2 protein chains.
Amino acid sequence: MRPLRLNIAYFHRESMIVTASAPGKLMLFGEHAVVYGYPCLVTTVDLRVSTTIERTQSGTIDIAPSLPGEAEQHYLFTLDEIVQSNVIFPKAVSFVASAIAHFFRRYNVRSGLHIMTTGLAKNYGLGSSSAITVATIAALNALFNVQLSSREIFDLAFAVVLDVQRGTASGFDVAAAVYGGTVYYSKRGDIIEPLELPAPSFIVGYSGEKVSTTDYVEQVRRLYQQMPTLIEPIFALMTTIVEQARLALHAGDHAEIGRLMNINQGLLDSLGVNTLSLARPIFAARDAGALGAKLSGAGGGDCMFAIADDDARGAVITAMQSAGCEVLDVALHTDGVCIDT
Amino acid sequence: MRPLRLNIAYFHRESMIVTASAPGKLMLFGEHAVVYGYPCLVTTVDLRVSTTIERTQSGTIDIAPSLPGEAEQHYLFTLDEIVQSNVIFPKAVSFVASAIAHFFRRYNVRSGLHIMTTGLAKNYGLGSSSAITVATIAALNALFNVQLSSREIFDLAFAVVLDVQRGTASGFDVAAAVYGGTVYYSKRGDIIEPLELPAPSFIVGYSGEKVSTTDYVEQVRRLYQQMPTLIEPIFALMTTIVEQARLALHAGDHAEIGRLMNINQGLLDSLGVNTLSLARPIFAARDAGALGAKLSGAGGGDCMFAIADDDARGAVITAMQSAGCEVLDVALHTDGVCIDT
């Protein structure tokens with residue numbers, strides 16, 4: 001589950017090149033409420049992003065991001081440029097460059113670097129920004145032999161993400177990328193509990209619509225300000241769902257998990273983040289025999305997931321596809337960040 | 001608003017034939033919660049059902065229901081048959097026959113009757129059963145000069161509906177049919193407050209799907225039993241929505257009414273009573289500029305409604321139609337039961 005610790009020893013020998021990878025995440029329960037410090041449950045997805053960092057004598061930071069099927073691009077920074085605070089990095093490398101800047105400043109190291117990152121061809125809203133940040137910090141950690149704990153990697157990565165996203169991140173996807181498996185996350189990272197449970201067998205579908213998480217977080221914030229007496233209790237209900245879902249996941253109680261998914265889905269609809277492109281496969285999955293289905297993440301598009309017993313699984317997958325969904329062939333509850341070389 | 005009182009005087013002369021009509025209803029806020037005694041807001045719709053009752057010397061009760069475009073049918077009962085308790089009347093005349101039975105027993109009157117009822121070609125889930133019950137009791141009241149108050153008509157009609165529906169009715173549609181206008185209804189009829197407000201200008205759409213209210217009420221009851229710690233607070237939230245909506249309707253605050261509709265819609269979805277046939281026109285209406293949209297009634301089909309400012313109204317109607325809805329040309333907040341001849 002946490003191979004990071006195990007592998008670090010290897011890098012006590014002065015490696016000059018390190019590759020780290022980190023998983024994407026699927027939000028299970030508690031999205032939106034988590035922005036305000038309420039708990040959520042998040043699991044990892046075996047769609048991984050990776051960062052390869054090589055120490056160089058060049059005196060420059062050369063960041064070369066690439067996506068599958070796309071040409072590598074290069075972004076060059078001097079060491080001075082990278083460690084300046086208040087610098088706004090180009091969007092394509094903002095998380096990686098900011099991770100290096102934070103790492104250099106906090107641990108007072110400096111070196112020329114050549115960095116290659118590989119992302120996902122499609123993001124799917126599965127949290128690749130947080131994952132690439134975590135992978136970058138883990139690689140730097142190994143390369144400079146700083147021996148950060150998982151908690152320290154989380155803290156630094158969360159600081160980076162908050163910096164890049166101007167304070168709107170809640171950090172649960174950072175925790176998922178660091179710890180792996182399924183994580184109970186609360187109080188903006190004060191509580192991070194990796195859960196020992198049977199890997200959940202959700203069917204994950206991508207709605208085909210890619211949206212801005214930040215826009216939907218902002219939209220909910222406005223609604224919260226307008227209707228606090230209604231939205232606050234909805235967050236409280238989401239919290240109850242998270243606590244009950246945690247028990248149901250432990251028990252492997254699919255019927256209960258399904259009921260909780262359906263109720264959580266309605267509460268997300270009440271926040272205004274549900275759309276027809278999500279509702280269509282959600283209703284289709286339930287009609288085909290799923291025990292529950294809900295959107296995952298900020299809403300407005302991206303992913304949904306369903307739970308079904310074995311006998312209904314095939315029909316649910318077909319129904320989701322017929323309803324316009326790309327069903328993703330992903331494993332869940334997979335390893336957190338690790339060093340791959 | 002309450003023309004019943006005004007017209008009763010006319011029938012102090014011994015009329016031998018009376019026609020009464022009562023309106024259908026549109027549930028605005030609080031459906032399902034109302035089953036458990038929580039408050040709701042309901043308005044009347046100018047789709048009316050009517051009952052014409054003639055006293056005869058025949059010693060029989062002849063009930064002839066007809067729907068627009070359909071041939072009249074006749075159901076004959078002896079006076080003894082009609083006043084027996086525990087008799088199950090044919091479905092087509094169950095509310096009318098039961099209303100006569102209750103009325104005869106409670107006020108100790110007997111007479112041969114010829115009764116013609118006209119219903120709606122389509123029910124739309126707008127409460128024609130309760131309306132026909134109320135119209136029948138109002139007609140009997142006039143015919144036998146019993147001088148029932150509105151409250152007494154409600155109590156008797158609610159008893160009839162409970163009897164026919166084996167206890168599953170909540171009575172709000174009976175109250176709407178009796179009092180007319182827009183009614184705040186709570187505690188299973190202990191509180192009935194007709195509201196003086198500007199008539200709401202909702203756009204009402206029929207989803208095309210006709211479902212059994214009773215099935216959906218039962219489905220929610222099962223969920224309530226399974227998940228009381230979640231469903232109870234959802235009903236509490238619906239109560240807050242009803243109270244806030246009452247103020248917003250008084251103030252004519254369309255934006256606030258719309259927000260409350262959207263939140264209530266999500267809560268209904270969380271109870272499992274939303275469907276794609278409802279969600280489709282609801283999303284379409286919002287996308288076309290509606291300030292809010294929600295289903296009306298037990299869910300699973302039947303009606304939804306939207307609120308829009310004048311400049312968006314046309315686009316919202318078109319969008320709802322494109323999403324598979326029949327937009328109903330109905331006035332709301334109309335008169336309650338009245339004597340028409």
Side-chain angles (χ1 to χ4, degrees), chain A residues 32 219-220 222-245 248 253 255-256 258-287 291-295 299-300 319 323, chain B residues 32 219-220 222-245 248 253 255-256 258-287 291-295 299-300 319 323:
Chain A
H32 283 291
Q219 183 185 309
V220 171
R222 276 198 306 278
L223 186 67
Y224 190 7
Q225 285 162 350
Q226 284 169 323
M227 324 284 278
T229 55
L230 290 170
I231 305 307
E232 186 85 43
I234 288 174
F235 290 151
L237 267 166
M238 289 176 168
T239 298
T240 308
I241 289 173
V242 166
E243 303 299 346
Q244 295 187 5
D253 183 344
E256 176 80 355
R259 282 191 292 270
L260 293 166
M261 287 166 68
N262 290 342
I263 296 174
N264 198 339
Q265 166 65 15
L267 299 179
L268 287 163
D269 183 274
S270 75
L271 297 183
V273 303
N274 191 22
T275 61
L276 188 58
S277 69
L278 289 162
R280 207 182 271 127
I282 285 168
F283 283 123
R286 292 179 191 162
D287 288 347
L291 297 162
K294 71 179 279 288
L295 67 84
Chain B
H32 283 291
Q219 184 185 308
V220 172
R222 277 198 305 278
L223 186 67
Y224 190 7
Q225 284 162 352
Q226 283 168 324
M227 323 285 276
T229 55
L230 290 169
I231 304 306
E232 186 85 42
I234 289 174
F235 290 152
L237 268 166
M238 287 175 169
T239 299
T240 308
I241 289 173
V242 166
E243 303 299 346
Q244 293 187 6
D253 184 345
E256 176 80 355
R259 282 192 292 269
L260 293 166
M261 286 167 69
N262 290 343
I263 296 173
N264 197 340
Q265 166 64 15
L267 298 179
L268 287 164
D269 184 274
S270 75
L271 297 183
V273 302
N274 192 21
T275 61
L276 189 57
S277 69
L278 289 162
R280 205 182 273 127
I282 285 168
F283 284 123
R286 292 179 191 161
D287 289 348
L291 297 162
K294 72 180 277 288
L295 68 83

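Just so we're clear, the structure is a prediction, and the values are computed from it rather than from any experiment. Letters A, B, ... mirror the listed sequences (proteins, then strands); counts begin at 1.
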Note to self: Under the side-chain hydrogen bond (donor to acceptor under 3.5 Å, both in side chains) definition, can you give me all pairs with a residue in residues 265-275 of chain B, not counting sequence neighbours?
What the structure shows: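 For residues 265-275 of chain B: B/Gln265-B/Asn274, B/Asp269-B/Asn274, B/Thr275-B/Ser277.
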Next item on the list: May I ask you to name which of B/Gly266, B/Pro233, B/Ala279 has the most heavy-atom pairs under 4.5 Å with chain A?
Entry: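 Of B/Gly266, B/Pro233, B/Ala279, B/Gly266 has the most heavy-atom pairs under 4.5 Å with chain A.
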Item checked: Choice from B/Ile263, B/Ile231, B/Ile234 maximising heavy atom contacts with chain A below 4.5 Å ->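 Going by pairs under 4.5 Å, I would pick B/Ile263.
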Margin query: Can you tell me which of A/Arg280, A/Met227, A/Gln244, A/Arg286 forms the most heavy-atom pairs within a distance under 4.5 Å of chain B?
Written below: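 When all of A/Arg280, A/Met227, A/Gln244, A/Arg286 are compared, A/Met227 has the most.
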Check: Got A/Leu223 and B/Asn262 here, is their nearest side-chain heavy-atom distance under 4.5 Å?
Finding: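 A side-chain contact under 4.5 Å is absent here.
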Notebook entry, point to check: Got A/Asp287 and B/Leu276 here, is their nearest side-chain heavy-atom distance under 4.5 Å?
Noted result: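 A side-chain contact is absent here, since even the closest heavy-atom pair is not under 4.5 Å.
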Check: Mind checking what makes side chain to side chain donor-acceptor pair (under 3.5 Å) contact with B/Arg259, not counting sequence neighbours?
Finding: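 In terms of side chain to side chain donor-acceptor pair (under 3.5 Å), with neighbours along the sequence ignored, B/Arg259 is linked to B/Glu256.
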Notebook entry, point to check: Quick one: what part of B/Leu271 sits under 4.5 Å from any heavy atom of chain A, side chain, backbone, both or neither?
Noted result: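 Neither; nothing under 4.5 Å.
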Check: B/Ile282 versus chain A, heavy atoms under 4.5 Å apart: side chain, backbone, both or neither?
Finding: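 Neither; nothing under 4.5 Å.
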Next item on the list: Identify which one of A/Leu267, A/Asn264, A/Leu260 satisfies the side chain to side chain contact (heavy atoms under 4.5 Å, CB included) criterion when paired with B/Leu230.
Entry: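 Among the candidates, only A/Leu260 passes.
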